[in-house]
There are 2 protein chains.
Amino acid sequence: MSPRTKDQYSEIRRVSREKILSAALELFAKKGFHATSISQIAKKAKISKGLMYNYFKSKDRLLDEIIQNGFTELAGLSYHSTKSASPEEQLKNYVSAVLDNLYSNYVYWQLYLALLVHPDIQKRYEKKMKAFRDEFIREFSKLFRKLGAKNPKLETFLLGTYFDGLVLNFIAAEADFSVEEIKNALLSKYIENIHPKSKRKSG
Amino acid sequence: MSPRTKDQYSEIRRVSREKILSAALELFAKKGFHATSISQIAKKAKISKGLMYNYFKSKDRLLDEIIQNGFTELAGLSYHSTKSASPEEQLKNYVSAVLDNLYSNYVYWQLYLALLVHPDIQKRYEKKMKAFRDEFIREFSKLFRKLGAKNPKLETFLLGTYFDGLVLNFIAAEADFSVEEIKNALLSKYIENIHPKSKRKSG
DNA sequence: GTCTATACCAAGATAGAC
DNA sequence: GTCTATCTTGGTATAGAC
């Protein structure tokens, strides 16, 4: 029996951490932080309660790390689409990106929502959330300005509100409409309304 | 010392119940159901822990009653505005009503949101929530149809999504815009977009 | 690196005095 | 009708064996 190498141990640790993080993320998002117990996490991750504390100092620290991962993941959105494209195209791309991200990172968005809803928890991550929102506002305001909106910040606010509401609907209701339908409805509304001169080429 | 009459007792009971309900509502909405303890409720209501159980069988039953009250309150919205008015006027009235209600019943909306976010809790009140949403959809679909929308249900979905998002923003962020601004932005977007022929009288 | 056993505490809930 | 004291459970977290 050769003993395990450093790399092997490191890999084992990585996997275990990952199992815990993934189980916790899902439960926190679905049931909420307080409603989720370490036992439930351990069960879902198929490890013992004790092991969790080997990897995370406390339930709170576990949440911290998950949130941190979430922000990293969600920031991956980053609004650096093809800058050369027309504003309309850019808006399209952005909205598409957000909606698609909303699907692929569903669980993180659900968690993000839960944080928003409860002021107490929200306060703990206030700074990061603000940074996240601020970038959103900055980027979309620029865009709406280019599109000739009267009040770009207000438009951005409304769009952001739309997104928030969409997350809620994806989570809460049995989604009566497809992403494509919503995407189109949203875009046509915004683009035509803000920039009525530039009718999209028909055909 | 004359003993208290039946009515006096009944009134005392009413007041105590009310104190508990009000304290619990606020805490459930703000911190979430699971994050709120009976002790905290008792403290806020300025009663003893034990008394709570005199009025409610359990923490769960307490929540049940609060939710019930919430639906009653929110249903007070009811979309029976002046039927004689034009569809545009009606939409205006409805949107106004919802936004105003959103302010006056802030706490209930916050709670409603918290319920939506967590599928587990949501399931417990699924039926009532569905009834509530269904009425919303029915009424606004009618309206959007009158306004000549291509897909009234989709429009209703989008509007509902807006409202959901607005609730979130009122709760989560430090509201960058006034209700009036939002109301107008929303309405102008919807009305002009859906019914482009009928330009509002300028002047 | 992982588990079981256990300490410790706070939560929900009940009993009985006033 | 209200309170204090108490029971019981389940939670977070730690210790120590494997």
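Proteins come first, then strands; the chains are lettered A, B, ... in the order of their sequence lines, and each starts at number 1.
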Q: Please report the C-alpha distance between A/F157 and B/F177 in whole Å, then the side-chain angles of each, then the deciding distance to 0.1 Å, and finally whether the ring-ring contact (aromatic ring centres under 6.0 Å, His included) criterion is met.
A: CA-CA 9 Å; A/F157 170 80; B/F177 302 97; 5.2 Å; yes
Q. When all nucleic acid strands are considered with a 4.0 Å heavy-atom cut-off, which category describes B/Y55: base, sugar-phosphate, or nothing?
A. sugar-phosphate
Q: May I have the distance from A/Q8 (atom CD) to C/dT2 (atom P), rounded to whole angstrom?
A: 13 Å
Q) Just by distance, do the side chain of B/S16 and the backbone of B/R13 share a donor-acceptor pair under 3.5 Å? A) no
Q.
Nearest 0.5 angstrom please: A/I121 CD1 to A/L115 CG, how far?
A. 6.5 Å
Q: Look up atom NZ in B/K59 and atom CG in B/D64, then write down how far apart they are to the nearest 0.5 Å.
A: 12.5 Å
Q | Atom pair distance, as rounded to whole Å: NZ in A/K46 and P in C/dC3 | A | 13 Å
Q: Scan nucleotides 13-18 of chain D nucleotide by nucleotide, 5' to 3', and note B when protein non-hydrogen atoms come under 4.0 Å of the base, S if they reach only the sugar-phosphate, - if neither.
A: BB----
Q: Under 4.0 Å between any heavy atoms, over every strand shown, what does A/S10 touch: base, sugar-phosphate, or nothing? Just pick one.
A: nothing
Q.
Within a 6.0 Å radius of atom NZ on B/K19, are there more than 12 heavy atoms belonging to other residues, nucleotides or ligands?
A. yes
Q) With a 4.0 Å cut-off on heavy atoms, is B/S48 in touch with a base, just the backbone sugar-phosphate, or nothing at all? A) base
Q.
To the nearest 0.5 Å, what is the distance between OH on A/Y112 and CE on A/M129?
A. 4.0 Å
Q | Spacing of B/K6 atom NZ relative to D/dG1 atom P, expressed in whole Å | A | 12 Å
Q) Hey, what's the ring geometry for A/Y162 with B/Y162, parallel, tilted or perpendicular (30° and 60° as the breaks)? A) parallel
Q: In whole angstrom, give the distance that lies between atom CG of B/L51 and atom P of C/dA13.
A: 15 Å
N/O donor-acceptor pairs under 3.5 Å from side chains in residues 27-39 of chain B, not counting sequence neighbours:
{"unit_1": "B/T36", "atom_1": "OG1", "unit_2": "B/L27", "atom_2": "O", "d": "3.3"}
{"unit_1": "B/T36", "atom_1": "OG1", "unit_2": "B/G32", "atom_2": "O", "d": "2.7"}
{"unit_1": "B/S37", "atom_1": "OG", "unit_2": "B/Q40", "atom_2": "N", "d": "3.2"}

Q: Name every residue in residues 11-19 of chain B that has at least one heavy atom under 4.0 Å from any atom of DNA chain C, in order of residue number, or write none if there are no such residues.
A: none
Q: Could you check whether the rings of B/Y94 and B/F140 sit parallel, tilted or perpendicular, using 30° and 60° as the cut-offs?
A: perpendicular
(Q) Rounding to an integer number of Å, can you tell me how far B/H34 NE2 sits from D/dT9 P? (A) 19 Å
